[in-house]
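Inspection log for the structure reproduced underneath, given as structure tokens.
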Amino acid sequence: MTSDITDAINQYCARLRKALGKGSSHEADEIVLEVRSHILERIEAEETPTPEALAKILRAVGDPKELAAEYRTQTILHRASRSTSPWLMLRATLRWARKGTLGVIAFFTMVVGYGCTAVFFLSAMLKPFFPSRVGLWLAPEHTLSFGFWNGRLSATEIYGISVRPPVSFVLGTLSPTNGPVRELLGPWLIPVAILCGLLCLFATTFLVRSLIRRFGRQRRDLQFSHSASLA
Amino acid sequence: MAILATLMQGRRYGLEILRSLDGTASLALAEGTLYLILNRLKGDGLVESEWIDAGTGHPRKYYWLTQAGHERIRAMAKFWAKFSADLNALMDPARISMKENIRDDE
């Protein structure tokens, strides 16, 4: 094997290692070693190991950046599937969302679920400081809102979660309506908000984690592509 | 599933697995991706691996199924058998119609 070919293999492996992530990771080092072994095996099987033959082999192995992106997605989804950390799961679903519709759905579910959790916990925290502004509000048109009321009877706005049977759901600001609004829970809001917040947190975490686990299995089972077209 | 099935036949290293899959065009796999999948299967405890100096000048990493891997592939095979049988039953009318068309053409 000529030094040109050896240099090209070293360069490819260095690019792959760099793309796989900074710092030392035993797993990433193992993958690079294995890919190197694979390339060497392939090039040694060639009757005449030329730079052109090597280029063809490297194309078949794949672009280091694409391989590394796939590795990072796998790694973060694997970690998220065994974690209860909302931050990790949010990062994992964000990365997954770039890969397809199911990822977008999971990410959206997570944002809405944790958004609702935040509204419940914030309401419980703010209630002692703004007792007449934070609550469960019955607004006109049978709209039920949980959150912070702007205190106006005309151009009423409520910041939080609003539902209007049968299908309307708003997370954020309920569009201006004309009062009156009526508070339903009083001091009971704090335990109710904490309970709802915990329920929302656990339900969202459980749901998204199951989606990630399911997706992880599907990806492995279906991760076949037409390598012939790359070769 | 195909990778696990390949390993049912015994210890194999990456290139051997790829060669087995290459024989079946629809299961062809991007070469670099194989190692990412094997790495994840190992993380899930479905396969185990070991570097072995095969006397080729560079070591090869051999993989084999763990007990959990054997159980997973058996479960997958069972599911696949039922799934393909159901699909074949659904496709029967289409196959019959295709045969009739061929007869008509002849």
Side-chain angles (χ1 to χ4, degrees), chain A residues 1 9 12-13 16 19-20 25-45 56-75 77-79 81-82 213 216-231, chain B residues 1-7 12-63 68-69 71-73 75-77 79-80 83:
Chain A
M1 208 183 313
I9 294 172
Y12 178 91
C13 290
L16 179 61
L20 285 172
S25 151
H26 177 68
E27 207 176 71
D29 289 339
E30 282 275 303
I31 289 172
V32 176
L33 271 177
E34 231 181 326
V35 170
R36 175 192 288 277
S37 169
H38 175 93
I39 296 167
L40 287 170
E41 191 99 23
R42 288 281 315 265
I43 197 73
E44 281 165 9
K56 194 177 167 187
I57 291 166
L58 295 184
R59 273 200 304 278
V61 174
D63 180 66
K65 281 186 181 168
E66 283 174 19
L67 282 179
E70 184 61 40
Y71 170 75
R72 282 198 298 271
T73 304
Q74 268 191 21
T75 306
L77 283 170
H78 185 69
R79 281 171 57 205
S81 72
R82 282 159 171 72
R213 284 181 179 175
R217 274 203 298 274
Q218 274 180 2
R219 272 174 76 78
R220 274 195 306 279
D221 297 347
L222 301 173
Q223 206 164 31
F224 300 114
S225 61
H226 298 284
S227 64
S229 64
L230 295 170
Chain B
M1 181 176 170
I3 293 170
L4 289 178
T6 307
L7 290 174
R12 294 203 161 176
Y13 62 97
L15 198 56
E16 272 184 313
I17 297 173
L18 277 173
R19 283 178 184 145
S20 303
L21 296 175
D22 274 348
T24 319
S26 61
L27 297 179
L29 184 70
E31 294 185 14
T33 315
L34 171 74
Y35 298 103
L36 304 182
I37 299 173
L38 286 169
N39 180 56
R40 189 52 54 222
L41 291 172
K42 193 179 171 188
D44 287 347
L46 300 176
V47 299
E48 202 40 83
S49 66
E50 187 186 12
W51 284 101
I52 291 175
D53 191 348
T56 54
H58 51 85
R60 287 170 178 163
K61 196 175 187 181
Y62 279 82
Y63 289 86
E71 282 164 19
R72 174 68 67 85
I73 190 64
M76 283 169 135
F79 170 80
W80 181 254
F83 178 77

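Protein chains get the first letters and strands the later ones, always in sequence-line order, with residue 1 at the start of each.
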* Asked: Do you see a donor-acceptor pair shorter than 3.5 Å between the side chains of A:E27 and A:Y71?
  ->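 A:Y71 and A:E27 do have a side-chain donor-acceptor pair below 3.5 Å.
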* **B:R12 and B:S20 side chains, donor-acceptor separation under 3.5 Å** => yes
* Enter the distance from A:I39:CD1 to A:E34:CD here, rounded to the nearest 0.5 Å. => 11.5 Å
* Heavy-atom distances under 4.5 Å only: say whether A:L67 touches chain B with side chain, backbone, both or neither. => both
* To do: Counting only heavy atoms closer than 4.5 Å, note whether A:L16 contacts chain B via side chain, backbone, both or neither.
  => neither
* B:I73 side chain near B:L46 side chain, heavy-atom distance below 4.5 Å -> no
* Top of A:R82, A:E66, A:R36, A:R42 for chain B proximity - count of heavy-atom pairs under 4.5 angstrom ->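 Going by pairs under 4.5 Å, I would pick A:R42.
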